[in-house]
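Source: prediction; values computed, not measured. Each chain gets a letter, A, B and so on, in the order the sequences are listed, and its residues count up from 1.
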Protein chains: 2
Amino acid sequence: MAPQEATKPPEWAAPCPHERTDTTCAGCKVRGVSICAALDASELGALEAIAEDVHYDARETILLQDDAADAVYNVTQGTVRLYKLLPDGRRQIVGFLLPGDFMGLALSDRYPFSADAVEPVAACRFARGAFSSLVDEKPHLLRRLHEAATHELSLAQDHMVLLGRRTADEKVAAFLLGMRERWRRLGGSLVIILLPMTRQDIADYLGLTLETVSRTISKFARSRMLLVVPDGVRFLDPARIEALAGH
Amino acid sequence: MAPQEATKPPEWAAPCPHERTDTTCAGCKVRGVSICAALDASELGALEAIAEDVHYDARETILLQDDAADAVYNVTQGTVRLYKLLPDGRRQIVGFLLPGDFMGLALSDRYPFSADAVEPVAACRFARGAFSSLVDEKPHLLRRLHEAATHELSLAQDHMVLLGRRTADEKVAAFLLGMRERWRRLGGSLVIILLPMTRQDIADYLGLTLETVSRTISKFARSRMLLVVPDGVRFLDPARIEALAGH
DNA sequence: CGTCAGCTTGACTCATCTCAACTAGGGTGG
DNA sequence: CCACCCTAGTTGAGATGAGTCAAGCTGACG
């Protein structure tokens with residue numbers, strides 16, 4: 001993150017994602033769920049030295065597929081969508097990043113996908129060269145990175161099953177449960193599922209159209225499994241949603 | 001593989017995948033395209049010490065999803081399918097392994113997928129504990145493993161695009177081109193594409209039914225893009241197949 | 001208070017699936 | 001050696017889940 005400003009913003013500014021009262025790694029809210037958890041206190045200093053605090057507005061582009069990958073990121077606030085486009089404009093979202101998630105695991109020359117902010121986003125930005133050197137010095141950081149990569153790979157394979165072999169109802173149910181689980185790990189509710197992304201985003205993630213997503217959620221609401229609320233849904237009968245998702 | 005018998009098999013047995021005349025890493029045909037390429041001559045000795053030569057018949061199960069992951073493998077001959085099953089029997093193949101491919105990148109406690117031999121398979125089997133220790137000792141082996149994992153992840157994301165956003169024609173065309181590229185790297189032909197897997201396997205890889213795969217290939221043959229030959233297809237007009245796949 | 005993006009809903013279409021019949025090759029045992 | 005079977009593949013006819021096209025609703029924002 002960017003070095004702490006000399007003058008702190010007032011307390012009331014805290015909810016604004018473009019301000020933070022504490023920009024040190026040690027005080028980072030998402031450290032426990034991030035790559036950074038692999039480092040001890042002294043190593044955090046080395047990490048902090050190469051970190052830059054960056055912010056994006058809703059719908060702002062963070063990076064583009066095939067661009068030179070000169071940085072990796074750790075999301076600290078907000079939601080990011082990662083996607084690939086086909087030449088004719090069809091889009092597949094390959095993942096959503098929530099606070100604590102790392103972007104750029106591959107440490108490759110070019111970004112393999114594009115990324116933009118679904119809602120206002122804050123992130124730690126690490127120059128690739130410096131980060132790569134740090135990884136070379138700390139084998140257990142590499143180990144952690146590798147664990148994160150293989151975990152991602154496993155999620156990707158689960159998502160292949162969903163895309164290739166599940167019906168629209170199953171896809172939507174599994175998506176909602178997946179979001180519940182991810183928010184839960186960040187201290188969220190088991191009942192209110194926040195959905196900062198649009199129906200089109202969900203559709204492009206699930207391999208459906210936005211109309212099918214909308215109809216499916218409406219159908220779930222009609223059969224009293226959930227309630228559509230502002231910015232998300234509220235589960236009324238989680239068991240039936242779990243049954244639909246095949247969990 | 002099982003330790004080499006004291007009496008070597010005669011030369012004429014060489015084509016049989018259950019016999020090898022040279023079972024050292026140094027003489028391994030797939031070393032150049034494998035994880036093992038990360039190791040120098042002396043390190044190969046350490047690897048060889050924990051390797052076991054194993055063989056599987058066509059359709060034999062190699063490992064099962066959720067079983068304790070007590071070994072990792074490097075395929076040296078034949079083709080392996082990796083898949084996940086839904087409780088009702090629907091199957092998604094998450095990948096095919098060809099000679100040189102590594103299975104068990106995750107180094108996790110349980111296998112995240114099942115694997116079986118599409119055709120007779122030979123592989124190097126490494127006990128997980130021993131392999132993991134070796135990785136701990138050799139950071140550049142871990143680096144190589146991480147590169148392999150992120151490469152896999154990138155392929156998985158490409159496959160998500162295919163599963164979520166491509167038509168049957170595009171899926172089949174992209175699959176055939178992908179197999180051509182993989183065989184090419186192993187010294188295969190640019191014109192004859194070997195397809196050791198069944199139509200059902202291809203369908204479960206592409207998120208289609210076997211009938212749709214068969215019809216699509218027949219359609220390509222009818223429009224003179226390719227010829228169906230025993231064990232595969234022969235490209236007649238690769239440019240049109242590439243155009244279909246959007247490449 | 002008009003505009004616009006996001007969302008919902010309806011009517012109809014169509015790509016792919018389902019069900020079913022048939023063919024071809026390979027292996028086995030009488 | 002051939003009759004049988006079994007697996008894999010092909011093809012057709014009809015069904016259907018999800019897509020397309022279109023209209024209208026709603027809430028946020030200038």
Provide, to the nearest angstrom, the distance between the [atom1] atom belonging to [X] and the [atom2] atom belonging to [N].
| X | N | atom1 | atom2 | value |
| --- | --- | --- | --- | --- |
| A/L226 | C/dT8 | CG | P | 11 Å |
| B/L206 | C/dC17 | CG | C1' | 15 Å |
| A/Q200 | C/dC4 | CD | P | 20 Å |
| B/D169 | C/dT16 | CG | P | 7 Å |
| B/L163 | C/dA15 | CG | P | 20 Å |
| A/D231 | D/dT26 | CG | P | 18 Å |
| A/R90 | D/dG19 | CZ | P | 13 Å |
| B/L208 | D/dG17 | CG | P | 18 Å |

Please work out if B/T198 contacts a base, only the sugar-phosphate, or nothing of the nucleic acid, heavy-atom cut-off 4.0 Å. sugar-phosphate

Name the nucleic acid region contacted by A/L210, choosing base, sugar-phosphate or nothing; use a 4.0 angstrom heavy-atom cut-off, strictly under. base

Indicate yes or no: at least one non-hydrogen side-chain atom of B/L208 is less than 4.5 angstrom from one of B/I202. no

Test for a donor-acceptor pair under 3.5 Å between the base of D/dG17 and the side chain of A/R215, counting only N and O atoms. no

Look at the side chain of A/E211 against the base of C/dC7 and say whether a donor-acceptor pair falls under 3.5 Å; ignore hydrogens and angles. no

Modelled atom types, side-chain donor and acceptor of A/D116 and A/Y83, under 3.5 Å: yes

B/Q65 versus B/S114, side-chain donor and acceptor atoms under 3.5 Å: no

Phosphate oxygens OP1/OP2 of C/dT8: is one of them under 4.0 Å from a side-chain N or O of A/R199? yes

Would you say a side-chain N or O of A/S218 is under 4.0 Å from OP1 or OP2 of C/dT9? yes

Toward the 5' end of DNA chain C, which comes first, A/T212 or A/R165, by nearest nucleotide? A/T212

State whether B/D169 and B/K219 are salt-bridged, where the test is any N-O pair (Lys NZ or Arg NE/NH1/NH2 against Asp/Glu carboxylate O) under 4.0 Å. yes

Name the closest nucleotide to the B/T209 side chain, picking from D/dG9, D/dG19, C/dC17. C/dC17

Is it the case that over 12 heavy atoms from other parts of the model lie below 6.0 angstrom from the CG atom of B/D88? yes

